[in-house]
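Before any comments, here is the structure.
Naming: A, B, ... by sequence-line order, numbering from 1 per chain.
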Amino acid sequence: MKPRVRFAPSPTGYLHIGGARTALFNWLYARHTGGTFVLRIEDTDAARNSQAAVDVILDGLRWLGLDWDEGPLTGDATGPSNGDRGPYFQSQRRENYQRRVEALLSRGLAYEHEGAIKFKMQREPILIPDLVVGEVLRKLTDREEVDPDFVIVRSDGQPVFHLVNVVDDLEMGITHVIRGEDHLSNTAKHIALFNAFGVKPPHYAHIPLILNGDGSKMSKRDQGASLASYLDNGFLPEAVINFLCLLGWSPKENREKLSLAETIERFDLPQILRHNARFDYEKLVWLQGEYARELSGDRFYECAVHAFGKTGLDTNKFPLEYVKAALDTCKGKIKMFSELPAYAGFYFKDEIVYEPEAAKKSFIPENKPRLEKLRDAFSRLEKFDAAGIETALKATAAELGVKVGALVHPVRLATTGNPNGPSLYHLLEVLGKDKSQARIEKAIAALS
RNA sequence: GACCCUAUGGUCUAGCGGUUAGGACACCUCCCUUUCACGGAGGUAGCCCGGGUUCGAUUCCCGGUAGGGUCGCCA
């Protein structure tokens, strides 16, 4: 029997990075085993549910590329869906729960208490077989010793999480429950419920949680807790996926960067770690750089234009060829697209601002005649291309008896305003002879 | 308070009784080089503590400590 796994988020208005990883692990397991990945929306708490909140989840999963075989097609609870085990919104499954509760009631396994319905929980410790953690013997806590029974239907008629979660897993034929370790203790309740329904519980695999970089627990308000923040900050989904895989799972063989295909092939439950992992932002950025470097020209262009747009700089005012050529000089140099406006903004601005520290170093009196000589050399160039520029610059340096750096630094500053950036020869070519010379001229004037 | 899980450099991790404890990020040094980045070569840094078991423990067991989770008419 092929595995059937599910991701069952509650639409709270955002998708937690830990939830995204849970979805990822489920998805990977389904793809690795040829099983089915089900998406179920746990919207029993009507008060805080909305279609927009569901869309956040769907959009997040789609951005990561985690496609679901069964589940909703839109955020509309009554809308279309894939799969024949629906509905996939808990708000649409009231009758299922009612039927199950009545069955428990009629068999004396549940009872009414102050308007609510409580499940008669067993008093003995429950053994939880877990594919990741091993066998866990869950004993009763002191409070549970007093009263182990728990509410499955509220006094207002709303069924409670433990009940609906189990009923849905049961009726949707879920074989493996892969979820956060925060559910481990509660699993005793779920197993008891399955037993009460006379059904063998699914296999459980509780995965470790993701903690903040400082080791504290990651709550909704923490930086980077929301998956959407990675999209907003210009991260590539493949980098986020790769990074998330490395948190709590190891591909072994000292591998770090893995394609999705390789990950699917290697992923399995036994290699999942048992301890929580801290979120290492620096390593994510490194992976981002790795993937950004090998992006196709088109995608690099799209991401870059988006990044410029966010700072209010509209590259559409420039010829497409110019923009593409400009961005080509940045490829492989930056990790985050958010660096781009500062890194390459000089291509698209009329007025450039000199970085003060660099100006102090490069805009010194002795560099004035050097820049003038270089300007003259450039003016004699028929073809203002990288090779010609390089030759001219090096020849000028030789004539002056200075190192090329003595010319490179002031020219870079004059034309870009920055002490570093893309290859000087290439950026000058892209900038063009007129703009380059005008900027050099301006710097010379500033040196007077 | 009770119950459950966990513990290798700052971080992510390999390790599954005998290893010079390996890799990656970050950091430092040097090389390459038009800057930066990339790439290359080095470097600093680790088995939480205490008992056992064993000829021998990072590895197995117990305890402690620390971190995380759960005990809701939240999910």
Side-chain angles (χ1 to χ4, degrees), chain A residues 8-12 42-45 47-48 90 113-118 125 128 130 132-134 136-148 150-162 164-165 180-189 206 208-209 211 213-218 243 246-257 273-287 289-290 293 330-335 339 343 358 386 389-390 393-394 397 403-409 411-413 416 418-428:
Chain A
S10 170
T12 55
E42 305 220 331
D43 59 342
T44 50
D45 188 4
R48 62 187 197 194
Q90 292 187 329
H113 178 74
E114 293 184 10
I117 297 173
K118 294 182 85 172
I128 305 169
D130 191 285
V132 170
V133 188
V136 176
L137 187 66
R138 170 64 157 77
K139 296 180 199 132
L140 303 203
T141 67
D142 51 0
R143 291 181 193 195
E144 289 165 342
E145 288 285 3
V146 177
D147 178 17
F150 58 94
V151 171
I152 52 176
V153 180
R154 290 183 255 186
S155 50
D156 65 2
Q158 282 288 332
V160 168
F161 166 74
H162 299 300
V164 297
N165 191 266
E181 198 212 74
D182 50 337
H183 288 292
L184 183 55
S185 288
N186 284 153
T187 304
K189 290 177 181 165
H206 286 91
L209 304 179
L211 270 28
D214 64 1
S216 62
K217 56 181 164 179
M218 193 178 267
F243 176 69
L246 263 23
L247 247 39
W249 173 76
S250 173
K252 307 286 174 84
E253 297 172 20
N254 291 334
R255 294 293 306 278
E256 307 287 335
K257 190 170 170 237
L273 280 297
R274 276 144 294 222
H275 59 269
N276 297 342
R278 299 183 188 204
F279 197 93
D280 186 359
Y281 192 81
E282 296 295 330
K283 192 157 184 175
L284 204 210
V285 171
W286 168 71
L287 274 169
E290 292 293 305
R293 175 170 302 114
C330 303
K331 226 184 130 182
K333 311 282 257 179
I334 52 127
K335 290 193 173 93
E339 299 169 42
Y343 190 82
I389 292 166
E390 178 169 1
L393 186 141
K394 284 183 172 168
K403 288 183 182 175
V404 289
L407 291 179
V408 165
H409 297 297
V411 177
R412 174 182 294 285
L413 187 65
T416 73
N418 295 321
N420 53 47
S423 158
L424 179 68
Y425 310 130
H426 293 88
L427 78 84
L428 289 179

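Side-chain contact between A:K394 and A:V404 is present, with at least one heavy-atom pair separated by less than 4.5 Å.
Among the nucleotides B:U34, B:A75, B:G1, the one closest to any side-chain atom of A:R412 is B:U34. Distance from the side chain of A:L209 is smallest for B:G69 among the nucleotides B:G69, B:C5, B:U34. For A:W286, taking side-chain heavy atoms from C-beta onward, the closest of the listed nucleotides B:G22, B:C25, B:U35 is B:C25. Taking every side-chain heavy atom of A:K335 into account, B:A37 is the closest of B:A37, B:G69, B:U34. Nearest nucleotide to the side chain of A:E282, out of B:U34, B:C25, B:C71: B:C25.
Atom name P, nucleotides B:C55 and B:C47: the rounded distance is 27 Å, in whole Å. Between the P atoms of B:G39 and B:A26, the separation comes to 10 Å (whole Å).
The phosphate of B:C4 (OP1 or OP2) has no side-chain N or O of A:T141 nearer than 4.0 angstrom.
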Could I get a table of every N or O pair under 3.5 Å where one atom is in the protein and the other is in nucleotides 8-13 of chain B?
unit_1 : atom_1 : unit_2 : atom_2 : d
B:U11  : O2     : A:D280 : OD2    : 3.4
B:C12  : OP1    : A:R278 : N      : 2.9
B:C12  : O2'    : A:L246 : O      : 2.8
B:C12  : O2     : A:K283 : NZ     : 3.3
B:U13  : OP1    : A:G248 : N      : 2.6
B:U13  : OP2    : A:H275 : NE2    : 3.2

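No contact: A:E253 has no heavy atom under 4.0 Å from any strand. Among the protein residues, A:K403 comes within range of no part of the nucleic acid, since none of its heavy atoms lies under 4.0 Å from any strand. Residue contacts for A:Y343: at a heavy-atom cut-off of 4.0 Å it reaches a base atom on one of the strands shown. Nucleic acid contact class of A:L137 (heavy atoms, under 4.0 Å, all strands): sugar-phosphate only.
Mapping A:S423 and A:R154 onto RNA chain B by nearest heavy atom places A:S423 closer to the 5' end of the strand.
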